[in-house]
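Labels below follow one simple rule: chain letters A, B, ... track the order of the sequence lines, proteins then strands, and each chain is numbered from 1.
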There are 2 protein chains.
Amino acid sequence: MPENLEGAKNRFIHSWGEMGPQWGINRTMAQLHALLMVSEKPLSTDDVMEDLGISRGNANMNLRSLVDWGVVRRAFVKGDRKEYFQSEKDVWNMFCRIARERKKREIEPVLETMQECLALAERDKASTHFRERVGELLDLVKTLDYVLGKIAQQEKNAVLPRILKLLT
Amino acid sequence: MPENLEGAKNRFIHSWGEMGPQWGINRTMAQLHALLMVSEKPLSTDDVMEDLGISRGNANMNLRSLVDWGVVRRAFVKGDRKEYFQSEKDVWNMFCRIARERKKREIEPVLETMQECLALAERDKASTHFRERVGELLDLVKTLDYVLGKIAQQEKNAVLPRILKLLT
DNA sequence: TGATAGTTTCAGAATATATTGAAATGCTGG
DNA sequence: CCAGCATTTCAATATATTCTGAAACTATCA
């Protein structure tokens with residue numbers, strides 16, 4: 001591999017890894033995702049251990065997480081008993097899968113809780129302010145959640161261009 | 001304060017605090033934000049230390065972060081030398097400020113880096129796959145960044161209803 | 001200007017999170 | 001069914017992050 005290409009890959013993997021924690025994803029998982037995104041071939045657990053210099057346990061756990069998130073698939077290489085992994089190739093699909101998972105795991109549960117908090121606070125004078133605030137927040141998060149869900153269902157070309165046009 | 005209101009507030013604060021780390025924000029900062037959102041009056045550093053059971057240093061640092069993010073303002077109570085803090089009241093404004101900060105702090109830098117990675121990988125055959133992948137990712141992130149920026153500039157009623165209609 | 005109340009800083013401590021590596025388990029072909 | 005390789009698990013460890021609290025600093029008042 002040309003030296004500059006290797007440098008570019010490493011820089012990309014490192015940068016993607018830094019971004020992870022800022023969005024609540026652990027560094028290694030993000031690096032692993034970046035590595036698989038730019039890898040031409042599926043990689044085995046041993047490959048990623050070697051490339052990122054991490055342990056088998058760590059590699060295994062984070063590969064599984066990526067599979068659970070639906071952005072990486074298990075792949076089979078004929079004549080080899082090892083499991084291989086390859087990233088979803090289409091970036092729009094990748095985005096949709098991440099959006100749907102975050103919606104399900106992180107947005108919907110908090111919506112539930114907010115609704116419970118509202119129910120818990122009786123409709124008396126003392127609760128007015130609390131109910132207003134949480135109510136408005138709930139409305140906004142619900143709307144954003146709905147919009148995200150809709151967008152993540154569509155073909156890229158079906159929705160982004162129209163939103164772009166709307167915003168001009 | 002009625003017991004059920006207090007319970008509802010605590011539940012809300014706790015739940016908002018849990019959500020923080022999932023999105024790359026520390027628990028205390030998220031709790032502090034929740035506390036200020038549902039508080040009728042501005043609160044002093046001592047108030048939040050008391051309410052959340054945290055140290056002065058911790059309270060000070062996280063209050064400052066919230067001010068830096070633009071979702072909390074310093075407030076002055078006449079006849080009192082203490083500084084008080086109050087949350088931005090309007091949830092849409094809050095959303096816009098967070099969106100703009102994340103864009104500036106977390107999206108734009110990674111866009112820069114990705115562009116550098118592309119520049120670093122020469123235009124030869126060996127780099128084709130890498131350039132395609134990073135290129136497509138860059139395009140999508142750029143578009144989402146642009147959309148987020150536009151939305152976060154608008155009045156709530158100017159944009160959300162139109163997007164909702166588009167998605168029906 | 002000195003006394004007092006308020007705010008910030010930051011080294012060390014506490015806590016939470018991520019990682020390792022070896023043992024246990026699971027699989028597959030012969 | 002067993003030998004050999006692959007995968008998973010998890011207790012111990014390492015690392016990263018957050019938090020504390022007291023000292024340093026700042027602002028205000030008399």
Side-chain angles (χ1 to χ4, degrees), chain A residues 13-36 41-69 72-86 105-106, chain B residues 13-36 41-69 72-86 105-106:
Chain A
I13 289 167
H14 183 261
S15 151
W16 208 249
E18 289 306 301
M19 203 185 53
Q22 293 180 328
W23 297 88
I25 290 155
N26 96 39
R27 194 182 314 269
T28 302
M29 183 167 155
Q31 285 183 346
L32 211 31
H33 188 206
L35 171 63
L36 289 167
K41 323 172 160 187
L43 300 179
S44 69
T45 303
D46 294 271
D47 293 335
V48 305
M49 285 166 64
E50 162 91 16
D51 285 357
L52 301 180
I54 60 176
S55 72
R56 187 172 301 281
N58 196 10
N60 182 266
M61 156 186 291
N62 283 295
L63 283 168
R64 181 145 46 89
S65 293
L66 287 166
V67 172
D68 288 347
W69 276 79
V72 162
R73 275 188 298 275
R74 291 169 198 273
F76 299 93
V77 171
K78 66 178 173 184
D80 195 332
R81 254 163 78 174
K82 274 213 212 56
E83 273 195 317
Y84 285 76
F85 298 87
Q86 69 182 12
R105 299 184 190 198
E106 294 158 9
Chain B
I13 290 168
H14 183 261
S15 150
W16 208 248
E18 288 306 301
M19 203 185 54
Q22 293 179 327
W23 298 88
I25 288 156
N26 95 38
R27 193 181 314 268
T28 303
M29 183 167 154
Q31 285 183 346
L32 211 29
H33 188 207
L35 172 62
L36 289 167
K41 322 172 163 187
L43 300 178
S44 69
T45 303
D46 294 272
D47 293 334
V48 304
M49 285 166 63
E50 163 91 13
D51 285 358
L52 301 180
I54 60 177
S55 72
R56 186 171 300 283
N58 195 10
N60 181 266
M61 155 186 292
N62 284 296
L63 283 168
R64 181 143 47 88
S65 293
L66 287 166
V67 172
D68 288 348
W69 275 80
V72 162
R73 276 187 298 276
R74 289 168 199 274
F76 299 93
V77 170
K78 67 180 175 185
D80 195 333
R81 258 162 77 173
K82 276 214 210 55
E83 273 194 317
Y84 285 78
F85 298 88
Q86 69 181 13
R105 299 184 189 198
E106 293 158 12

Would you indicate whether E106(A), at its atom CD, is surrounded by more than 12 heavy atoms from other residues, nucleotides or ligands within a distance under 6.0 Å?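 Atom CD in E106(A) is packed in, count exceeds 12.
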
Nearest-neighbour nucleotide for the R27(A) side chain, dT17(D), dT8(C), dC19(D) considered: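 The nucleotide sitting nearest to the side chain is dT17(D).
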
Candidate nucleotides dT20(C), dT7(C), dT8(D), ranked by approach to the side chain of R74(A) - the nearest: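 The closest nucleotide is dT8(D).
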
Counting distance only, does the side-chain N/O of [X] pair as donor-acceptor with the main-chain N or O of [Y] below 3.5 Å?
{"X": "D47(A)", "Y": "S44(A)", "answer": "yes"}
{"X": "N60(A)", "Y": "G57(A)", "answer": "no"}
{"X": "N58(B)", "Y": "I54(B)", "answer": "no"}

Could you state the atom-to-atom distance from [atom1] of [X] to [atom2] of [N] in whole Å?
{"X": "E18(B)", "N": "dT18(D)", "atom1": "CD", "atom2": "C1'", "value": "15 Å"}
{"X": "I54(A)", "N": "dT13(D)", "atom1": "CD1", "atom2": "P", "value": "21 Å"}
{"X": "L52(A)", "N": "dT20(C)", "atom1": "CG", "atom2": "C1'", "value": "15 Å"}
{"X": "D80(B)", "N": "dC29(D)", "atom1": "CG", "atom2": "P", "value": "12 Å"}
{"X": "M29(A)", "N": "dT19(C)", "atom1": "CE", "atom2": "P", "value": "12 Å"}
{"X": "Y84(A)", "N": "dA6(D)", "atom1": "OH", "atom2": "C1'", "value": "12 Å"}
{"X": "N26(B)", "N": "dT15(C)", "atom1": "CG", "atom2": "P", "value": "16 Å"}

Audit row: T45(B), F85(B), side-chain contact (heavy atoms from CB on, under 4.5 Å) steps and yes/no: CA-CA 8 Å; T45(B) 303; F85(B) 298 88; 3.8 Å; yes

Mapping D46(A) and P21(A) to their closest nucleotides on DNA chain D, which lands nearer the 5' end?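 On the 5' side of the pair lies D46(A).
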
Between T28(B) and dC19(D), is there a contact of a side-chain N or O with OP1 or OP2 at under 4.0 Å?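 For dC19(D), OP1 or OP2 has a side-chain N or O of T28(B) closer than 4.0 Å.
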
Pairwise 5' ranking along DNA chain C for E83(B) and N62(A), keeping only the more 5' one: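 First, find each residue's nearest nucleotide; the 5'-ward one identifies E83(B).
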
Look for any protein N or O under 3.5 Å of an N or O in nucleotides 1-5 of chain D and output each such pair with its distance, or none.
unit_1 : atom_1 : unit_2 : atom_2 : d
dG4(D) : N2     : R81(A) : NH2    : 2.7
dC5(D) : O2     : R81(A) : NH2    : 3.3

Hey, what do you get for CE (M19(A)) to NE2 (H14(A)), rounding to the nearest 0.5 Å?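 M19(A) atom CE to H14(A) atom NE2 measures 13.0 Å (nearest 0.5 Å).
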
side-chain contact (heavy atoms from CB on, under 4.5 Å), that's the test. Do L66(A) and M29(A) meet it? Break it down for me. CA-CA 7 Å; L66(A) 287 166; M29(A) 183 167 155; 3.9 Å; yes

Would you call R56(B)-D46(B) a salt bridge at under 4.0 Å N-O?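 Salt bridge: yes.
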
Pairs under 3.5 angstrom, nitrogen or oxygen only, protein versus nucleotides 9-11 of chain C, please.
unit_1 : atom_1 : unit_2 : atom_2 : d
dT9(C) : OP2    : R64(B) : NH2    : 2.6

Answer yes or no on whether R105(A) is positioned over the face of W69(A), meaning its NZ or CZ is under 6.0 Å from the six-membered ring centre and within 45° of the axis.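 Here R105(A) passes the 6.0 Å and 45° test against W69(A).
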
